[in-house]
There are 2 protein chains.
Amino acid sequence: MPPSRATKAPPRQVPAAGSARERLIAAAIATVRYKGFSATSVDEICQAAGVTKGAFFHHFASKEALAVEAAGAWTEIAEQRIFTQPDWTRIPDPLERLLGHIDFRLSMLDGPAEDFTCFVGTMVQESYNSSDPIRAACDASLHAYALRLAEDIQQAIDIYGIASGVSAVSLAFHIQAVLQGAFILAKANGNPVIARDSVMHLKRYVVMLFTQN
Amino acid sequence: MPPSRATKAPPRQVPAAGSARERLIAAAIATVRYKGFSATSVDEICQAAGVTKGAFFHHFASKEALAVEAAGAWTEIAEQRIFTQPDWTRIPDPLERLLGHIDFRLSMLDGPAEDFTCFVGTMVQESYNSSDPIRAACDASLHAYALRLAEDIQQAIDIYGIASGVSAVSLAFHIQAVLQGAFILAKANGNPVIARDSVMHLKRYVVMLFTQN
DNA sequence: TGACACATACCAACTGGTCGGTATGCTTTC
DNA sequence: GAAAGCATACCGACCAGTTGGTATGTGTCA
């Protein structure tokens, strides 16, 4: 169980480091990655955020509404942590950047699964039929990641060419699929080694596509 | 919501087609694939199976115990439906068999996601931290599938060779990862096309591995 | 007559959400 | 500058319904 904030929130109306709303979103992301969306109660999210349900329902119309907002936040987190902050994002050569991206994802595959697996992948797995707003928000996040990645892939294709019949978007979604599937295997096995191995296959495949055309 | 049995079960003690226990397992698999494990109540499983909770708890000590048994049943279903019954399982050439396998998985990617996605992959995604027995049962099922698949892959390697540094087991788990990841993308997108595309990448990769060594 | 496979009634805890209230900050008016 | 009114952020109690599970009863069969 993720450690929860047992102490009271800071005094009201004084903006804390991260407001209640932001802390609720962060708590939701952490708890859903740990145990899934349905098993995560509103009360539990509130405890982790250090507020009560009154605050929760002041900011969010429903548990579902929080989930949708959290999916949007997850897109922002990915944009910052994967596509902006790492040094490899500034490699000039797009193919090197793509391989750097995959190496980066590889290096993330360490420690407990809830620390490296995907919030929206986890949530849509169980909620896709129960809530169309949640499904659509997760899909939008996955799409945003893939389209962002496809930019680098297209640049690499423009310079190096790629195996016949492969598009940038197609390969970007395939990379997404491999990562999400690797996460499931790591969760089942309790060991990220199995996920790293699959991402090594992914890297090998990408290299093959760009060097044998 | 999957259509449930509104009418009463057949008269007591008359063995129906599939006993209560088997119907409960089938109902659990169907409902969990539709909406995940935590959102699936014992009552809901009973309604789908046409029995009451008395029957449920006569056969299973707990909801968790049913989940573990259902994971075992899923392994058996995969063994029959994927590794035994299809015609391609009787192709003599192991590489052709492997590619037949992938084509078969490709052909399954049609219709609503709950009809082609993986029961144990879905369940472990959200339950891996909440129940170690469920996690282990799902892992065993995923392992059984991969090790079964690795048999064909090893035979193909023996005849044709494979790219350096690739093992049969490693490739088998990678195939598992791609399939599970493709399922998530299909659930999010609401369209299996995106999953088929990823499995096409998988097939291309497997062909590359066996023909460029 | 006892074992088995159920059905029914019930239980305590939990759930998502509501509600009346409190504390504080901001704006307007005097 | 003070007071009043309003808005905001949040608290904690409460609600109806649901939940996993338990206890007991019933019918059938060997």
Side-chain angles (χ1 to χ4, degrees), chain A residues 1 4-25 27-28 31-32 35-70 123 126-127 130-131 133-134, chain B residues 1 4-25 27-28 31-32 35-70 123 126-127 130-131 133-134:
Chain A
M1 189 66 75
S4 65
R5 300 270 297 278
T7 54
K8 290 277 282 203
R12 313 180 189 45
Q13 313 292 36
V14 175
S19 67
R21 179 192 184 82
E22 288 166 347
R23 295 205 311 275
L24 282 163
I25 289 178
T31 317
V32 169
K35 65 196 289 191
F37 177 71
S38 298
T40 295
S41 65
V42 169
D43 220 10
E44 200 163 3
I45 294 170
C46 291
Q47 284 169 16
V51 298
T52 64
K53 278 203 282 195
F56 183 101
F57 286 100
H58 173 79
H59 289 289
F60 303 101
S62 63
K63 185 185 180 189
E64 181 189 58
L66 167 67
V68 168
E69 289 238 16
M123 186 158 66
E126 59 178 291
S127 308
S130 308
S131 168
I134 292 181
Chain B
M1 188 68 74
S4 64
R5 299 270 295 278
T7 56
K8 287 280 284 216
R12 312 173 183 57
Q13 315 293 36
V14 174
S19 67
R21 180 191 184 82
E22 288 165 347
R23 296 204 310 278
L24 283 163
I25 289 178
T31 317
V32 169
K35 64 196 291 192
F37 177 70
S38 298
T40 295
S41 64
V42 169
D43 219 11
E44 199 164 3
I45 294 171
C46 291
Q47 283 169 16
V51 297
T52 63
K53 280 203 280 194
F56 183 102
F57 285 101
H58 173 78
H59 289 287
F60 302 103
S62 62
K63 186 185 180 189
E64 180 189 58
L66 168 67
V68 168
E69 289 238 18
M123 187 158 65
E126 58 178 292
S127 308
S130 307
S131 167
I134 292 180

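Side chains included, hydrogens not; waters and symmetry mates left out as well; all remaining heavy atoms used. In the text below, chain A, chain B and the rest are named by the order of the sequence lines, each starting its count at 1.
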query: Heavy atoms under 4.0 Å, any strand shown: does Ser41(A) hit a base, just sugar-phosphate, or nothing?
result: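 Sugar-phosphate contact only - Ser41(A) comes under 4.0 Å of backbone atoms but never of a base.
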
(Q) Once you apply a heavy-atom cut-off of 4.0 Å, does Thr40(A) come out as touching a base, just sugar-phosphate, or nothing? (A)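 The answer is sugar-phosphate, as Thr40(A) gets under 4.0 Å only of primed atoms, P, OP1 or OP2.
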
- Taking side chain to side chain donor-acceptor pair (under 3.5 Å) as the test, write out the residues that go with Thr52(B), two or more places apart.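 With sequence neighbours excluded, Thr52(B) shows a side chain to side chain donor-acceptor pair (under 3.5 Å) to no residue whatsoever.
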
At their closest point, which heavy atom of Ser127(B) faces which heavy atom of Ile134(B), and how far apart are they?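 Closest pair (atom of Ser127(B), atom of Ile134(B), distance): CB-CG2, 3.9 Å.
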
In short, Lys63(A) meets Phe57(A) closest at the heavy-atom pair N-CE2, 4.4 Å

Comparing Val42(A) with Gly54(A), nearest DNA chain C nucleotide closer to 5' gives the residue Val42(A)

Below 4.0 Å: OP1/OP2 of dC11(D) and any side-chain N or O of His58(A) =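 So the side-chain polar atoms of His58(A) never come under 4.0 Å of the phosphate oxygens OP1 or OP2 of dC11(D).
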
- Query: How far does NE2 of His58(A) sit from CG of Leu24(A), to the nearest 0.5 angstrom?
  - Reply: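 One finds 11.0 Å between NE2 of His58(A) and CG of Leu24(A).
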
Within this structure, what is the NZ-OG distance for the pair Lys35(A) and Ser41(A), rounded to the nearest 0.5 Å?
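Taking NZ in Lys35(A) and OG in Ser41(A), the distance rounds to 6.5 Å.
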
From CG of Asp43(A) across to P of dC14(D) the rounded distance in Å is 15 Å

Problem - Contacting residues from residues 61-70 of chain A, given that a heavy atom lies under 4.0 angstrom of DNA chain C - result: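 Only Ser62(A), Lys63(A) qualify.
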
Does the dG12(D) base have a donor-acceptor partner in the side chain of Lys53(A) within less than 3.5 Å? no

| query | Are the side chain of Glu126(B) and the backbone N or O of Ser38(B) linked by a donor-acceptor pair below 3.5 Å? | reply | yes

Of Ala55(A) and Phe56(B), the one whose closest nucleotide on DNA chain D sits nearer the 5' end is Ala55(A)

